[in-house]
2 protein chains.
Amino acid sequence: MKYKPGQIREDNVQKILAAGEKVFASQGFKGASMQQIADLAGIPKANLHYYFKTKDSLYLELLSRMQSLWNSALDDFTPSDDPAEVLSRWIEVKVEMGYQHPLSSKMFAMEVIQGAPHLRRHIREVTRPWFEQRVATIQQWIDHGRIAAVDPAHLIFLIWSSTQHYADYATQILTLTDQRRYRRKDIEHIKGSLIRMILAGCGLNIPERWQTVLSSQPDFLEVSPMQIELQGGNQRLA
Amino acid sequence: MKYKPGQIREDNVQKILAAGEKVFASQGFKGASMQQIADLAGIPKANLHYYFKTKDSLYLELLSRMQSLWNSALDDFTPSDDPAEVLSRWIEVKVEMGYQHPLSSKMFAMEVIQGAPHLRRHIREVTRPWFEQRVATIQQWIDHGRIAAVDPAHLIFLIWSSTQHYADYATQILTLTDQRRYRRKDIEHIKGSLIRMILAGCGLNIPERWQTVLSSQPDFLEVSPMQIELQGGNQRLA
DNA sequence: GTCTATATCCGGATAGAC
DNA sequence: GTCTATCCGGATATAGAC
């Protein structure tokens, strides 16, 4: 059996990226070790350095892929769109992204909390123009009386914070609600609850498709467990 | 001039705790180094180990003080209280706490994102009973028709996430809004915006004292800058 | 209580045989 | 492409003079 040329490389790079995401998400940049990543990927540390010369380059590669991923869901919208549709769809997508990609959400969170040393430029040059556009659009909705006179920037922050919370603080939420992981129906319920509260906060009615979902939903669609549990608190230093 | 016995110790411990908070908040537990903390506190590393035998014990001491601090503002409330008053006061206090103590907010965030290895027990044994009480109280408000039928747990998560966001993601928010740090009037505006949106999300009217504040406020009361900028992204490894 | 010097180990990164 | 052996700096922590 022959393999495509470059197949081994591609496989290894994938394994490394997956392992790196886990370790960086659970230890932060400085806390993560190349040894740990190599072990998790199942390859010797020297091989890891063969594929990624430095720890920094691996981290940057992960951040860069993360940006593409989240940018693809940036949910563009214009003043002529329907506010209730746009906002509920936006909340929906952000919660779903956090569910499908909890690790990149956590990596991003840690990076920003630590002062965004690797992402400052991106935030200033990419996120900020996008943000200002959205603020302007929401402001137009307000000016036309299509939503309540909330502060557009703080509405955006409210959507960001509330949706990301379920991915980043999964440990706390799952402990408080006495669960081991999120189920598909939990996710739909989160979407519904946030849409209900935030849209009402803007004086909007909830789109029809969400009015029924607020009570129950089948849960046979589990995809990616949101919890990670790398080695569950194995701080060697205890 | 004589000093009280134990005065030196107390002073040093204070300096160490302050430095530790900064470093742990900006690098996470594993990423922080005792050398860095000692330097920031202005004492030799060996002295640091004289006061705190291990890195772990220093970290635990900080977490423990953090818990007392935030518990003191846990904002108890009962079914007979006025929902609008309770919720607006709660949001107010949480935003203010994040403004006054951004570092402990960040430390907590990093700890939870990393799976809460040092806090799991506390969340299960202290936070959870508190959480269940609050859920029950809010549920009673709903049953008596005093607020809209939102999911109580998700309302709590919404308040937690939206208020903490301004402390934890300060770097991003300040970059997007083109500011160097929060001003007192920003904080009042944040409180007002969140109260307006979240209370409306529960079908509540805004308490009188917040109806005027939503436009302006003097800003001569600056206290603690929310931004930390330890050494601003000095990742040696670049 | 303070601080220099050091023990011990683990970190990132590389050399070079296979 | 793979992997053992190794370099070296920096990590936690301690010994012991002052």
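Excluded from the calculations below are hydrogen atoms, water molecules and symmetry mates; all remaining heavy atoms, backbone and side chain alike, are included. Note on naming: letters A, B, ... go to the chains in the order of the sequence lines (proteins, then strands), and numbering restarts at 1 for each one.
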Requested in this report: Verify the ring-centre separation between B/Tyr166 and A/His154: is it less than 6.0 angstrom?
Outcome: yes
Report task. Return no unless some side-chain N or O of B/His49 is found under 4.0 Å from OP1 or OP2 of D/dA13. Result -> yes
Query raised in the report: Mind checking whether A/Trp160 and B/Tyr169 have ring centres under 6.0 Å apart?
Result: no
Report summary line: Between A/Glu21 and A/Leu62 the two heavy atoms that sit nearest each other are N-CD1, 3.7 Å
**Report entry** With sequence neighbours excluded, residues passing salt bridge (Lys or Arg N to Asp or Glu O under 4.0 Å) with B/Arg124
**Finding:** none
Query raised in the report: Would you call B/Arg184 and B/Glu96 a salt bridge, using N to O less than 4.0 angstrom?
Result: yes
Taking N or O atoms only and anything under 3.5 Å, show me the protein contacts with nucleotides 2-7 of chain D, one pair per line.
unit_1 : atom_1 : unit_2  : atom_2 : d
D/dT2  : OP1    : A/Asn12 : ND2    : 3.3
D/dT2  : OP2    : A/Tyr51 : OH     : 2.7

Query raised in the report: Within this structure, what is the CD-to-C1' distance between B/Gln27 and D/dG10, rounded to whole angstrom?
Result: 14 Å
Requested in this report: Inspect the contact between B/Glu188 and B/Lys191 and indicate whether a charged nitrogen and a carboxylate oxygen are less than 4.0 angstrom apart.
Outcome: yes
Query raised in the report: Stepwise, does the ring-ring contact (aromatic ring centres under 6.0 Å, His included) test hold for A/Phe77 with A/Trp90?
Result: CA-CA 10 Å; A/Phe77 54 89; A/Trp90 188 6; 5.6 Å; yes
Query raised in the report: In residues 58-66 of chain B, what residues come within less than 4.0 Å of DNA chain C, judged by heavy atoms?
Result: none
Report task. Would you check if the distance from the ring center of A/Phe157 to the ring center of A/Phe131 is below 6.0 Å? Result -> yes
